[in-house]
Each structure stands twice: as structure tokens, then as C-alpha cells.
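The structure appears right after this line, and notes come after that.
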Amino acid sequence: MAQSVKGMRDLFGAELRWFQHIEETARRVFGRHGYGEIRTPILEELDVFKRSVGESSDIVNKEMYQFTDKGGREVVMRPENTAGVVRAAIQHKLLSSNDPVLFYYIGQQFRYERMQTGRYRQFWQIGAESFGVASPESEAESLLMLYSFLKELGLKQLSFSINSVGTPESRPAFHAAIRAFFSERQEQFCGDCHRRIETNPLRVLDCKNEGCQAALAGHPVITDFLDEGSAKHHARLKELLTVLGIPFVEDPRLVRGLDYYTRTAFELLSSDLGAQSALLGGGRYDGLVKQLGGPEVPAFGWAIGLDRLALILQQVRGEAPATPPVLLIPLGERAATAALQLARSLWDAGIALQLETRGGALKKAMASANRMGIQTVLILGDGELDAGTVTVKHMATGEQESWPLTEVTARLGTA
Ligand code: AMP
């Protein structure tokens, strides 16, 4: 029997219902903030990621689904969506005015990673990017939107970790300090860190290796090395988050995995995923648009893992809000005709309902209703048709009642 490719799974049933509920909530909340959707292709040219995510990153080094297409182009199945959004915004000249440009996306990403809980090779991200504004206020607005989104989904224990990674100009001083620190205890660090200290010293700080984390005790703190502008920016963001009641902690080891971050970097970990897995992350990336060949435009954004979010919501809240909660079961051919007409009038009135169209025994249809988590069953047989009624069974209590056919729309509409 053929199986899905390792790390790639089919979505359906309870898990997909959470995906859909999350996506609907995202569209509603982000729309309210004035963000518009963007959809970019899954395949991008290799260069887009080399120039953005960076050749020293694990993603570009080890994790990309990369191949040569039939036309000889080096292409990649996107491992993240920010680079594609920036590439699209430049290509279509969306950033040429000074106006802010606000986008969100929902889409699959691909990384050839080692498998563990909540980690897949095809996974989904929801993200938001704002272009054209460099202020801490724009970051507070974006974080507030993210916070409202998670609150509306019913997550309670939320606290962002934040840090500032300064600017490319202010970073060399910190690089020097961390290299000096490293060289005094280099035998305690892993091989990857020895490579990182040469190519991108910041990354030593977020090495997942426990030995490296222990060896980092007392490391120089990047926020002590910020230029004046970055320090002010960081202080103002913290002030705004406090005023807005958005919980956060400062994490001096938070540097994010990618080369393009400037100033603010943030994450949200969830203990529900075990092993402190990140649920979302983001930050400011003022240099990226230019790096990809566009104008000098500041930007801020984040991405949240939809698979992990669905997993957490399933644990915390159980079933996703069910749709549709009503099943109409006709008994016999005459009732089947009437049921199609009744269902049509309910659908036209905007009421969600499933229609049993298989015919056959009531017992079989009721068993299906149970399995599907249907809340209300409407039964229409010859007796009901003659009386101008429908029999209604409430699945949770087993109670049964009779409604006049003329009242079904109104009663379901207010249920
Ligand atoms: P990143 O782009 O690495 O910052 O990832 C942002 C978010 O995407 C993470 O916090 C995760 O929730 C999610 N994510 C990243 N990689 C995976 C993966 N392999 N499987 C599932 N979710 C992932």
C-alpha cells in the first residue's frame, strides 16, 4: 500500500477542522488591522533563499528541497515565506511609494528536517509582514495583532521572549566580545558552534546543544552593545508592550536563526509542545528588501507554525468548533425528494446542514451521525410529511421532539 512521503501528512477530520478555524480567525483578525493577503509560489529560485535566509543558516545548508527543473533552473520548494513575499513585493513594485504595505500569508513550507513531535517536512505557516515603517509603534501594532489572534483562539498562557540584535553597524563590537568569550572556553562548545563563531557568531547563542548552553553562562549580553538608536528603539517597544498589557520577558540569547534580522527579535515558546519548541518567531529585517534587489525599505514580520498551533489547541481545547452540526435524514423516496427541497431552503437561508443521500436504514444513518459528531438530527419520513412536521433528535441528550416544517428555518437559525 502506498504511503505518504515521510514527514508529509494528509489533513482531514478533527485536525483539519482546527486548521480551518485557525485560518478563519487569522483572516478576521488580520483583516481588521488592515493587512491584505498575499500568495506566492511554492517554487522559488535558489538565489532568493541564498540571498535572504543566508548561506550560513541550517535551512540553506541542510534543509532545502532543492532541484534542477526540466529547463535547467535551480529551484527550491520554499522553506519559509518571507523571502518570497519580499521577492514578490519588489517584482511588482509594491514598495515604491512611502506608504506602509501590510501583508499576511497562509501556506505550506518545506524543510528536510529530522523528525520529532510537531516537526514535519511539509508544514504550514501563517505570517504577517509590514513594510515601510521602522518605528517601535509598528512593531507594537503587529505584536498586538498576533496577541489578539492567539487570545481569540483561546490560548491563555502567553508570554513573548524579546531581544534586540542591533544593527549591522553596531554588531561587530558584540561579535568581538562573544569571540573573546568563546576562545577562552572553546573546548566546551560543539563542532557546529566552532563553525558558527567564524561565520555568524550570534548563532552560538541559540545553539540547541545543552553543553553549549551551559558553556554560555555569563556570556556578553548583546543589549549592552547596542548603538543609541537601537537602545532607544528597544526601550520604547518594551514601554509600549507594557502599556498594552502584552506579557514579555527579555531573553539575551534570542537571536533567531536567520541572517536578516535587525534590532527587534522575538519568539513565543510553548511548553505544551514539550522540549520548549518555538510556536512562533519574528522580528525586524530592515536590510532584506535591499539585499534582494529592492529599495531601502524597513520591514517587520513574524511566522507562526500552524501545525503546532493546531496541536496545542487540540490539547487545550479539545474539538474544534464543529461544522455543520445538523444532519437531515429522509426515509423513503418521497421523503428524499422533500428533504432535498427542505435542505435547499435551509442552505439558501445560510444554515449549515448535511444531507443524508444514501437512502437505507435509519439505524445506519444514525450511527454515521454519531461518528461525525453531529449535534442535531432531523428525520423526515412519510408520517412526518403527512403531518407537515419533522422529528428532531438532540444527540447529546437523546431527547426527541417534533417541529412544524414551517418553523425549521427559524429554529435552526437561532440555535
Ligand atoms: P521559523 O521560520 O524557523 O522561525 O519557524 C517559525 C515557526 O514555524 C516555528 O515557530 C514553528 O512553529 C514552525 N515550524 C518551523 N519548522 C517547522 C517544522 N519543521 N514543522 C512544523 N512547524 C515548523
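For the numbers below, each heavy atom of this structure counts, side chains included, while hydrogens, waters and symmetry mates do not. Counting starts at 1 for both ligands and their atoms, following the listed order. If you read the sequence from its start, that first residue is 1, and numbering goes on from there.
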- Item | Criterion side-chain contact (heavy atoms from CB on, under 4.5 Å) on I59 and F49, from CA distance to verdict | CA-CA 9 Å; I59 292 181; F49 300 105; over 6 Å; no
- Here the atoms of ligand 1 under 4.0 Å from any heavy atom belonging to L280 are 10 (O)
- Message: As an exercise, identify every atom of ligand 1 less than 4.0 angstrom from a heavy atom of L279.
- Response: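 Counting from 1, the qualifying ligand atoms are 9 (C), 10 (O), 11 (C), 12 (O).
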Per [atom], closest listed option by heavy atom ([options]):
atom: atom 21 (C) of ligand 1; options: G305, G7, G118; value: G118
atom: atom 1 (P) of ligand 1; options: M115, R111, E63, E267; value: R111
atom: atom 7 (C) of ligand 1; options: Q125, R114, Q109; value: Q125

- Centroid-to-centroid, F182 to H194, below 6.0 Å?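 F182 vs H194: aromatic centres under 6.0 Å.
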- Per-residue contact class, E80 against ligand 1 - non-hydrogen pairs under 4.0 Å: neither
- Any E113 heavy atom less than 4.0 Å to ligand 1: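 The answer is yes: ligand 1 sits under 4.0 Å from a heavy atom of E113.
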- Task: Would you indicate whether the side-chain heavy atoms of L340 and R344 approach each other to under 4.5 Å?
- Result: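 No, too far: nothing below the 4.5 Å cut-off.
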Please indicate whether any nitrogen or oxygen in [X] is less than 3.5 Å from any nitrogen or oxygen in ligand 1.
X: Y120; result: yes
X: D307; result: no
X: A278; result: yes

- Task: Mind listing the closest non-hydrogen atom pair of Y105 and A303 along with its distance?
- Result: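 Closest heavy-atom pair between Y105 and A303: OH-CB, 3.5 Å.
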- Aromatic F300 / basic R284 pairing, under 6.0 angstrom, 45° off normal: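 Checked: cation-pi criterion not met.
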- Reference residue D307; test salt bridge (charged side-chain N to carboxylate O under 4.0 Å, His left out); the match among R119, R121, R9: R9
- Message: If we check ring pair (Phe, Tyr, Trp, His ring centres under 6.0 Å) with F149, which of these qualifies: Y35, F30, Y104?
- Response: F30
